[in-house]
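Remarks on the structure that follows.
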Amino acid sequence: MSILEADAASVTRAAKLLQDGGLVAFPTETVYGLGGDATNERAVAAIFEAKGRPQFNPLISHVLDAAEAKRFVEWNDTADRLATHFWPGPLTFVLPRTQGSTIALLATAGLDTVAIRAPSHPVAQALIRAAGRPIAAPSANRSGAVSPTQAAHVAESLGDRVSLILDGGPCLVGVESTVLDLSGNRPTLLRPGGATREAIEAVIGPIALSDALPSGEAPRSSPGQLESHYAPARPVRLGATAVAADEGLLAFGPTPPTGAMLTYNLSPTGNLAEAAANLFAQMRALDRPGIGRIAVMPIPETGLGLAINDRLRRAAAGDPTRPQG
Ligand code: TXA
Ligand code: MG
């Protein structure tokens, strides 16, 4: 792992790493982010692996401006007014994914919405511009640890799990961005953050607070508790070592059972990062008419397997927080 002062040369090197599917820690005005190519399922899987997250929480995709955001999300008037006031800056919008949006499914945890923001930090902007693609980035710390606001914090927390840290000095805002859901009828605050509720309401009028977040509650220490989860319409059966003829099989490893109506293999070689990268796309591909049930082979409870199994268990339980409609 190396820490490089952010300048033209190090940003170019970092952008090349991102284009090759690697991870780079970089400064934003809120906190340091652990960035990967938001359109590359494998790179996004590597982010979860480096963070050691036991769950796949949807991540924020970072773009330069509203024009770029419109390539990936269904824009609307509220987003337009808010972007005029707050972008670039610490305000994240949750908006419906456009048809043909190339944001990785793993970056949105399989949801039909995308969290997107344009950071104001010049190094973050230079990196997005040089990489030529949106950057998915949660805070650059191991899961459960506090968010880093200096390059040295990132190094302490992630060590060699990240190969390059761009040092842009301390973050000026110091808390994560505000997350505002603009995908429903009423703008809803999902996470308080760098843009205040008062400032947002001054632009668009009263906003709703998420049920999970009563008025006045302090920001949560761990993000990702408030989001909905993708859940397939078909029942899910875990731990399958044999299959029925009406089942679709989500396989793992070199020797899947035969006889399923349709089979997708998360990773024929048993690689968990590959499995994570394929998880949501393959679950969706199996969740279709004609298939009675989705059978899933056992996945080891190690490394990314924890997050994969967490998501599979929610899918099997019929997730209570699944989105409406
Ligand atoms: O300031 C920040 O936002 C930092 C810097 C690096 O930009 N990033 C950050 O990302 O805090 P992360 O992944 O730690 O937090 C993303 C938040 C989570 O609370 C997640 O639940 C929410 O955004 N989120 C992301 N996508 C969502 C979606 N489609 N629907 C609802 N919530 C979503
Ligand atoms: Mg975080």
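This is a predicted model, so every value here is computed, not measured. All ligand and atom numbering here is 1-based and tracks the order in the structure.
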Exercise. Answer yes or no for N57: is there a heavy-atom contact with ligand 1 below 4.0 Å?
Key: no

Quiz prompt | Atoms in ligand 1 flagged as close to A115, the criterion being non-hydrogen separation under 4.0 Å | solution = 25 (C), 26 (N), 27 (C)

Self-check item: Heavy atoms from other residues, nucleotides or ligands near CD of E5 exceed 12 (cutoff 6.0 Å)
Solution: no

Exercise. Please determine if Y32 has a nitrogen or oxygen closer than 3.5 Å to a nitrogen or oxygen of ligand 1.
Key: no

Practice problem: Assess whether side chain to side chain donor-acceptor pair (under 3.5 Å) is satisfied between N271 and T269, documenting all intermediate values. | Solution: CA-CA 6 Å; N271 178 308; T269 60; 5.1 Å; no

Quiz item: Looking at T113, which atoms of ligand 1 are within less than 4.0 Å of one of its heavy atoms?
Solution: 28 (C), 29 (N), 30 (N)

Exercise. Would you indicate which of G33, A136, P27 comes nearest to atom 6 (C) of ligand 1 when only heavy atoms are counted?
Key: G33

Quiz prompt | L182 and L82, any side-chain heavy atoms less than 4.5 Å apart | solution = yes

Exercise. Determine, using heavy atoms of P90 and all atoms of ligand 1, whether some pair is separated by less than 4.0 Å.
Key: no

Quiz prompt | R142 atom CZ, over 12 foreign heavy atoms within 6.0 Å | solution = yes

Quiz prompt | Residue portion contacting ligand 1 (non-hydrogen atoms closer than 4.0 Å) for R191 | solution = side chain

Quiz item: In terms of atom number and element, which parts of ligand 1 are under 4.0 angstrom from non-hydrogen atoms of I60?
Solution: 3 (O), 8 (N), 9 (C), 10 (O), 16 (C)

Quiz item: Hey, does L190 sit under 4.0 Å from ligand 1 if you only count heavy atoms?
Solution: yes

Quiz item: Mind checking whether H121 has a heavy atom under 4.0 Å from ligand 1?
Solution: no

Quiz item: Is the gap between the ring centers of F48 and F56 under 6.0 Å?
Solution: yes

Quiz item: Is the shortest N/O to N/O distance between E176 and ligand 1 below 3.5 Å?
Solution: no

Quiz item: Of all heavy-atom pairs between E301 and L306, which one has the smallest distance, and what is that distance?
Solution: O-CD1, 3.0 Å

Quiz prompt | Atoms in ligand 1 with a heavy atom of P138 nearer than 4.0 Å | solution = 10 (O), 12 (P), 13 (O), 14 (O)

Self-check item: Separation of R117 CZ from S177 OG (nearest 0.5 Å)
Solution: 4.5 Å

Quiz item: Just which atoms of ligand 1 are under 4.0 Å from any heavy atom in V179?
Solution: 23 (O)

Quiz item: Do any nitrogen or oxygen atoms of H62 come within less than 3.5 Å of a nitrogen or oxygen of ligand 1?
Solution: yes

Quiz prompt | Aromatic ring pairing W87/W75, orientation class (parallel under 30°, perpendicular over 60°, tilted between) | solution = tilted

Quiz item: Which part of V94 is near ligand 1, with near meaning a heavy atom under 4.0 Å away: side chain, backbone, both or neither?
Solution: side chain

Self-check item: Where C171 and E29 come nearest, the two heavy atoms and their spacing
Solution: CB-O, 3.7 Å

Quiz item: Charged N to carboxylate O below 4.0 Å: is that the case for D112 and R284?
Solution: yes

Quiz item: Of the backbone atoms (N, CA, C, O) and the side-chain heavy atoms from C-beta on, which set of R53 has a member under 4.0 Å from an atom of ligand 1: side chain, backbone, both, or neither?
Solution: side chain

